[in-house]
Visitor: 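Mind having a look at this structure? Questions to follow.
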Number of protein chains: 4
Amino acid sequence: MNAAQIVKPKESLKIQHLETPKPKGSQVLIKVNSAGVCHSDIHLWEGGYEGPHGLFLNTTDRGVKYPLTPGHEIAGTIDTLGEQAEGFSKNDKVLVYPWIGEGLCPACRIGEENLCDKPRSLGVYVDGGYSEYVLVPSYKYLVKIGEDIDIDAAATLSCSALTAYGAVKNANLKPDDTVVIVGAGGLGLMAMQLAKAVTGARIIAMDIGDDKLKAAKEDGGADDVVNSKKEDPVKAIMELTDKLGTDAVIDFVNASKTVEADMQFLRRRARLVLVGLFGGELKLGLVSMPTRAYRLIGSYTGTLSDMIELVSLAKRGIIKPLVSNRFKLDQATEALTMLKEGKILGRGVINP
Amino acid sequence: MNAAQIVKPKESLKIQHLETPKPKGSQVLIKVNSAGVCHSDIHLWEGGYEGPHGLFLNTTDRGVKYPLTPGHEIAGTIDTLGEQAEGFSKNDKVLVYPWIGEGLCPACRIGEENLCDKPRSLGVYVDGGYSEYVLVPSYKYLVKIGEDIDIDAAATLSCSALTAYGAVKNANLKPDDTVVIVGAGGLGLMAMQLAKAVTGARIIAMDIGDDKLKAAKEDGGADDVVNSKKEDPVKAIMELTDKLGTDAVIDFVNASKTVEADMQFLRRRARLVLVGLFGGELKLGLVSMPTRAYRLIGSYTGTLSDMIELVSLAKRGIIKPLVSNRFKLDQATEALTMLKEGKILGRGVINP
Amino acid sequence: MNAAQIVKPKESLKIQHLETPKPKGSQVLIKVNSAGVCHSDIHLWEGGYEGPHGLFLNTTDRGVKYPLTPGHEIAGTIDTLGEQAEGFSKNDKVLVYPWIGEGLCPACRIGEENLCDKPRSLGVYVDGGYSEYVLVPSYKYLVKIGEDIDIDAAATLSCSALTAYGAVKNANLKPDDTVVIVGAGGLGLMAMQLAKAVTGARIIAMDIGDDKLKAAKEDGGADDVVNSKKEDPVKAIMELTDKLGTDAVIDFVNASKTVEADMQFLRRRARLVLVGLFGGELKLGLVSMPTRAYRLIGSYTGTLSDMIELVSLAKRGIIKPLVSNRFKLDQATEALTMLKEGKILGRGVINP
Amino acid sequence: MNAAQIVKPKESLKIQHLETPKPKGSQVLIKVNSAGVCHSDIHLWEGGYEGPHGLFLNTTDRGVKYPLTPGHEIAGTIDTLGEQAEGFSKNDKVLVYPWIGEGLCPACRIGEENLCDKPRSLGVYVDGGYSEYVLVPSYKYLVKIGEDIDIDAAATLSCSALTAYGAVKNANLKPDDTVVIVGAGGLGLMAMQLAKAVTGARIIAMDIGDDKLKAAKEDGGADDVVNSKKEDPVKAIMELTDKLGTDAVIDFVNASKTVEADMQFLRRRARLVLVGLFGGELKLGLVSMPTRAYRLIGSYTGTLSDMIELVSLAKRGIIKPLVSNRFKLDQATEALTMLKEGKILGRGVINP
């Protein structure tokens with residue numbers, strides 16, 4: 001089979017001809033139809049990201065090994081089932097849950113494998129979906145999607161939408177809450193759609209691009225928008241909330257600058273959900289944590305159960321994932337480059 | 001009636017002869033038998049505390065007005081009921097819930113008045129218990145304690161034990177969790193007793209005093225102890241947890257130094273509960289929040305419902321609040337001075 | 001002031017000229033603009049209802065005293081504030097929370113006064129809203145509604161919509177759950193709107209009237225409907241759920257016949273939320289409770305916090321309470337009679 | 001290998017010489033050291049149990065197939081690992097989680113396999129632990145127990161203690177709650193120990209045997225006891241609860257007679273947790289469900305995560321499972337007979 005691999009960080013991905021795996025035990029071999037191209041793939045490609053104190057954090061120090069086939073947003077067709085795999089048939093259309101854990105830690109025991117102590121995520125620690133075929137360790141990580149959802153849209157449910165959904169759940173919103181969603185890109189828009197669909201909360205979108213804020217209103221259902229480049233975000237939010245501050249923030253950027261602003265428009269008891277991987281530091285005043293009863297919550301992807309809920313919402317048209325660019329396998333480097341340069345507006349996918 | 005008031009910050013408290021209030025509506029007048037002396041009373045006395053960036057935060061900027069009768073840990077006897085007060089009789093022994101809210105914010109609506117947007121706490125924003133009598137705004141803030149609990153021990157349930165309990169609840173502990181409790185003073189010891197009584201978790205006490213760590217084992221029921229002055233706290237915790245890190249930390253100090261250490265021995269998914277008012281800053285690496293799925297939780301006192309649970313536990317001897325020093329009303333300045341100088345080991349109370 | 005009172009059960013209500021109350025302490029006097037007419041008012045009027053074993057349960061045995069001014073769905077205008085009442089001004093438009101408790105039981109302590117051990121609900125145990133004025137025991141039971149909501153629609157939020165909302169919350173729905181809503185009358189329709197707004201679950205409406213099922217689809221947003229008179233409800237639900245059964249049922253009828261059917265189309269782990277007061281008995285097979293892990297949940301109105309969430313949803317047009325009939329105070333008997341005879345399709349209100 | 005099998009319901013178990021399974025994929029072969037003898041094994045042996053309306057429910061109608069090796073409480077030693085099994089080594093002492101699900105239903109997705117739509121429990125639907133060896137479908141169902149716990153005591157954690165723990169969790173107890181535990185046998189005693197260890201609630205034990213009630217006080221830590229044969233249980237509980245009724249009941253008998261009594265001493269808002277498989281019917285008055293806000297909760301075993309918590313509690317001596325009788329494999333029929341005749345006081349185990 002052909003796969004687009006990162007052989008060495010920062011070099012162009014190479015199309016490698018690899019032996020097609022044979023599924024054993026509970027394993028399943030999937031013919032990849034669509035593999036989403038995600039910002040975190042860029043970190044893998046660059047070999048790391050900026051950490052606190054200006055340090056560069058190497059992916060290899062976190063257990064990543066090259067050559068690696070990236071791609072954790074995978075939708076496809078069942079090709080071969082291991083002898084202990086069940087519940088599925090050849091040619092079933094499926095979405096793959098990539099946030100696989102070792103299976104023995106407390107998180108795995110309650111179905112939160114995305115938070116495993118020793119993760120084995122597809123496309124990160126194990127070869128993923130930039131490939132004609134991908135080997136999934138168990139049929140339990142597959143979800144049938146049927147013919148109602150576009151296969152490219154389906155692929156984005158396993159990371160882009162899932163991360164948005166996990167964050168919305170962590171914000172713990174009620175109908176009389178106000179939530180500020182920082183960053184109105186693909187994840188932010190999906191978070192707005194999801195907050196709209198399952199919480200009833202009032203949504204304020206914040207971004208530095210007017211086009212994105214327009215989409216936030218039209219596609220995301222935001223009640224209000226704030227351009228934090230053109231107006232003081234703290235002043236704007238305090239005005240929109242009768243000077244009370246906001247009940248929750250979901251920050252899809254998570255950079256020093258955005259989080260510093262977030263901290264200044266939190267209502268007492270507010271939840272600040274940190275999602276983005278932009279990086280940097282926050283100087284956190286410690287006394288305000290107890291006196292203001294704030295909660296800072298790190299949110300990382302979502303559970304398999306969450307992903308099943310997303311499939312259900314997408315099938316009924318309640319959420320609408322936006323796929324804007326499609327690439328061939330040999331265009332993987334181009335896809336990553338375009339994403340890095342901000343030229344992909346919705347989600348890009350590779351169709352191997 | 002006589003009351004020990006802070007007339008001006010930093011000056012000795014003065015015994016003032018004030019008019020005894022007459023309860024109207026739902027109000028109740030309580031004859032104070034015991035009023036706990038709390039660290040936060042020192043902040044009121046000093047007129048503020050150290051905030052982030054080296055700033056001194058004035059109590060008057062937060063709405064405190066002088067002269068003020070401090071004292072928020074109040075146990076006493078019912079003297080007079082307003083005409084709409086009910087459910088109690090003259091001479092009933094009661095504990096007073098001091099964390100009173102305005103009544104109209106979302107927190108108040110669900111019985112979390114301690115987290116009110118506009119708090120009216122007794123002994124902070126309204127005259128409190130360093131007095132012969134205190135006026136409570138409604139009979140709803142009173143809890144009968146009967147004759148089974150020592151009245152001085154009862155007083156400490158409304159702040160010292162309540163803050164410990166709120167923190168233990170926020171840590172969300174399960175029986176196979178390990179929790180590190182930083183600071184083995186009065187609150188820390190009570191948190192250990194409470195974690196022991198209602199969670200089943202394994203407890204590691206951390207402090208810089210061997211005598212306190214001895215008490216942690218004997219009175220708090222700690223499973224393990226770490227002297228963070230004598231050994232590297234990070235190394236010690238990693239060794240005690242099979243290099244996994246701890247599932248939760250409750251930090252009753254909450255200073256830059258302790259929290260910086262805390263952040264280094266957290267297991268993925270860990271809850272870091274910040275309680276103390278020592279102050280300072282933390283340089284928080286933002287990327288680790290989502291990737292490690294940490295939760296930083298500010299914890300402030302507890303609810304009226306929590307306080308009722310504490311009364312129930314204390315009545316049955318399941319928790320044992322420790323009162324070590326008793327003062328007369330005219331010794332209020334001495335009591336605060338001794339507390340500030342670290343000369344009170346359990347809890348000091350004033351018996352007006 | 002004039003009030004329409006039940007002087008004696010089963011007799012026509014009488015317009016009585018009563019002294020207008022003067023608010024003391026935290027009390028507030030409200031000029032009633034709109035008072036909803038509720039099925040449970042009929043029970044008060046008839047002096048009781050059918051209980052288990054064919055017994056008639058007298059309201060007087062439950063603490064109701066006649067003469068009584070009924071009316072617990074009250075929206076109006078602030079007339080006079082007691083000297084300790086605050087946060088409101090004369091002429092503010094407000095919705096009244098009627099499910100008032102004694103204030104000292106565990107439910108009251110956490111803001112669930114609707115479940116108080118010794119309830120003092122307005123219009124049930126204390127004079128209510130079929131009157132020109134009503135005395136509310138504290139400003140804390142008032143919620144500002146502003147000018148955005150029709151005052152008659154607002155009134156219905158405090159019982160009709162609140163009961164629906166409490167039930168939806170008790171059903172604990174997720175986006176991939178299926179919920180069957182039994183009874184597509186006013187409460188059922190509102191429950192559908194609410195489930196749609198805040199859960200993402202799939203909704204199946206069940207009723208015996210095709211017109212109601214039509215409204216369920218059009219106004220309630222039901223995904224599927226079942227006419228349980230025309231088809232076997234058990235067979236129908238099993239077909240609609242791939243023979244798995246439903247994850248949850250909310251039964252607004254709660255009669256022997258409906259609940260017997262409900263029990264037969266529950267999926268393992270299902271929640272059966274019982275709301276209606278129709279009455280009768282269920283012969284419950286005890287072994288199936290543990291083996292099937294069922295939950296039978298009695299649901300009674302909702303909390304003040306829930307009501308505030310409803311006001312927020314109604315203000316933004318996310319839910320749309322339906323008021324179909326308006327009456328004058330001297331038409332109270334007529335209103336109750338029409339309701340009893342099934343001649344009121346949405347909600348009837350009295351405008352005193 | 002030798003196994004004690006039920007070849008045909010109601011006949012003596014036979015020692016069969018079966019081929020020792022060879023583990024494939026994630027499977028693991030366990031050398032059984034201890035297999036608990038459970039009341040539900042008697043149902044398997046008798047081919048069914050009494051259901052509602054006097055019906056006999058056949059195990060074969062629920063999917064059980066004979067010949068069957070019973071035994072779902074299994075502790076042993078790792079013999080052979082399948083090629084995909086990991087995290088364990090030969091000779092590790094392990095406890096087996098027997099409540100295995102298909103892996104694809106909503107319950108399985110969140111780690112609640114015990115509530116799976118299509119269960120595959122060991123010793124019920126698949127051959128279990130009355131055998132020299134047992135084949136476990138995945139290493140994920142194994143928990144290391146080390147050398148600190150007696151292997152026979154460990155075995156009882158996977159059903160007897162687990163069922164007690166699941167029930168205690170479902171009762172959702174707080175420190176000021178009163179819980180009545182009906183049935184002070186093995187499960188009841190363990191539930192008392194667990195409620196004591198992790199809730200702080202007040203415990204009332206109810207049984208018809210004075211010896212059992214004595215054990216409830218001494219080994220279970222019950223605060224009060226009621227002999228429901230000698231005194232009216234309803235009157236007794238009302239007296240012990242200031243006429244309020246109890247906040248929760250856990251009924252380990254779950255027969256018509258006990259549940260009818262339970263229903264009469266419930267406080268408003270009470271949780272009635274039904275666990276036992278004695279059977280029969282309850283005539284449930286439907287109106288009292290909403291007006292009293294009761295919750296009837298069926299509770300079935302517990303999760304793998306719960307079992308891990310039990311292992312942690314047992315290792316630290318916080319709970320003490322009681323093993324009273326030990327049998328050889330060829331005494332399986334004798335063990336079941338003694339259990340049926342009430343001659344086993346703690347838990348009986350088979351040591352193959």
Side-chain angles (χ1 to χ4, degrees), chain A residues 21-28 78 81-89 92 94-97 99-118 120 126 135-145 162 166 169 302-312, chain D residues 21-28 78 81-89 92 94-97 99-118 120 126 135-145 162 166 169 302-312:
Chain A
K22 287 192 183 16
K24 290 181 293 185
S26 304
Q27 296 171 340
V28 181
I78 291 195
L81 295 157
E83 72 275 12
Q84 291 168 355
E86 50 179 301
F88 294 88
S89 309
D92 279 352
V94 292
L95 176 61
V96 180
Y97 181 77
W99 310 110
I100 295 172
E102 186 198 29
L104 298 172
C105 84
C108 291
R109 300 299 200 185
I110 55 171
E112 299 183 353
E113 296 199 24
N114 55 312
L115 305 181
C116 177
D117 284 334
K118 301 176 186 170
R120 298 170 175 200
V126 191
L135 184 70
V136 179
S138 169
Y139 65 96
K140 295 187 184 177
Y141 300 111
L142 305 178
V143 176
K144 282 181 199 168
I145 51 174
L162 188 62
K169 288 199 166 180
T303 67
L304 175 46
S305 184
D306 294 335
M307 194 182 84
I308 293 169
E309 296 177 17
L310 288 174
V311 170
S312 174
Chain D
K22 286 194 186 12
K24 289 181 293 184
S26 304
Q27 296 171 341
V28 182
I78 291 195
L81 295 157
E83 71 275 11
Q84 292 167 354
E86 50 179 301
F88 295 88
S89 309
D92 280 351
V94 292
L95 175 61
V96 180
Y97 181 77
W99 310 109
I100 295 172
E102 186 198 28
L104 299 172
C105 84
C108 290
R109 300 298 199 184
I110 55 169
E112 299 183 353
E113 296 198 23
N114 55 312
L115 304 181
C116 176
D117 284 334
K118 301 176 186 171
R120 297 168 176 202
V126 191
L135 185 70
V136 178
S138 169
Y139 65 96
K140 296 187 184 177
Y141 299 111
L142 304 177
V143 176
K144 283 181 197 167
I145 52 175
L162 188 62
K169 288 200 167 180
T303 67
L304 176 45
S305 183
D306 293 336
M307 194 181 84
I308 292 169
E309 296 177 17
L310 288 174
V311 170
S312 173

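Quick caveat: nothing in here was measured; it's all calculated off a predicted structure. Here is the naming used below: chain letters follow the sequence lines, and residue numbers restart at 1 for every chain.
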Visitor: Are there residues of residues 99-106 of chain A whose heavy atoms fall under 4.5 Å of chain D's heavy atoms? If so, which?
Guide: A/E102, A/G103, A/L104

Visitor: So, for A/P21 and A/P23, which heavy atoms are closest and what is the spacing to 0.1 Å?
Guide: O-CD, 3.8 Å

Visitor: Could you tell me which residues in residues 108-115 of chain D have at least one non-hydrogen atom under 4.5 Å from a non-hydrogen atom of chain A, sorted by residue number?
Guide: D/R109, D/I110, D/G111

Visitor: Under 4.5 Å from any heavy atom of chain D, what part of A/Y97 do you find: side chain, backbone, both or neither?
Guide: neither

Visitor: Would you say NZ of A/K144 has more than 12 non-hydrogen atoms from neighbouring residues, nucleotides or ligands within 6.0 angstrom?
Guide: yes

Visitor: If you take all heavy atoms of D/I78 and D/F88, which pair is closest and at what distance?
Guide: CD1-CB, 3.3 Å

Visitor: Please report the interatomic distance OG(A/S26) to CD(A/E83), rounded to the nearest 0.5 Å.
Guide: 8.0 Å

Visitor: What distance separates A/L162 CG from A/T303 OG1, expressed to the nearest 0.5 Å?
Guide: 7.0 Å

Visitor: In Å and rounded to the nearest 0.5 Å, what is the CG to CG distance from A/L142 to A/L81?
Guide: 8.5 Å

Visitor: What do the steps show when you test A/Q27 against A/K22 for side-chain contact (heavy atoms from CB on, under 4.5 Å), and what is the final call?
Guide: CA-CA 9 Å; A/Q27 296 171 340; A/K22 287 192 183 16; over 6 Å; no

Visitor: Got a second to check how far A/E309's CD is from A/M307's CE, nearest 0.5 Å?
Guide: 11.5 Å

Visitor: May I ask you to check whether over 12 heavy atoms, not counting those of A/K169, lie within 6.0 Å of atom NZ?
Guide: yes

Visitor: Could you go through the side-chain contact (heavy atoms from CB on, under 4.5 Å) check for A/V311 and A/L95 one step at a time?
Guide: CA-CA 9 Å; A/V311 170; A/L95 176 61; 3.8 Å; yes

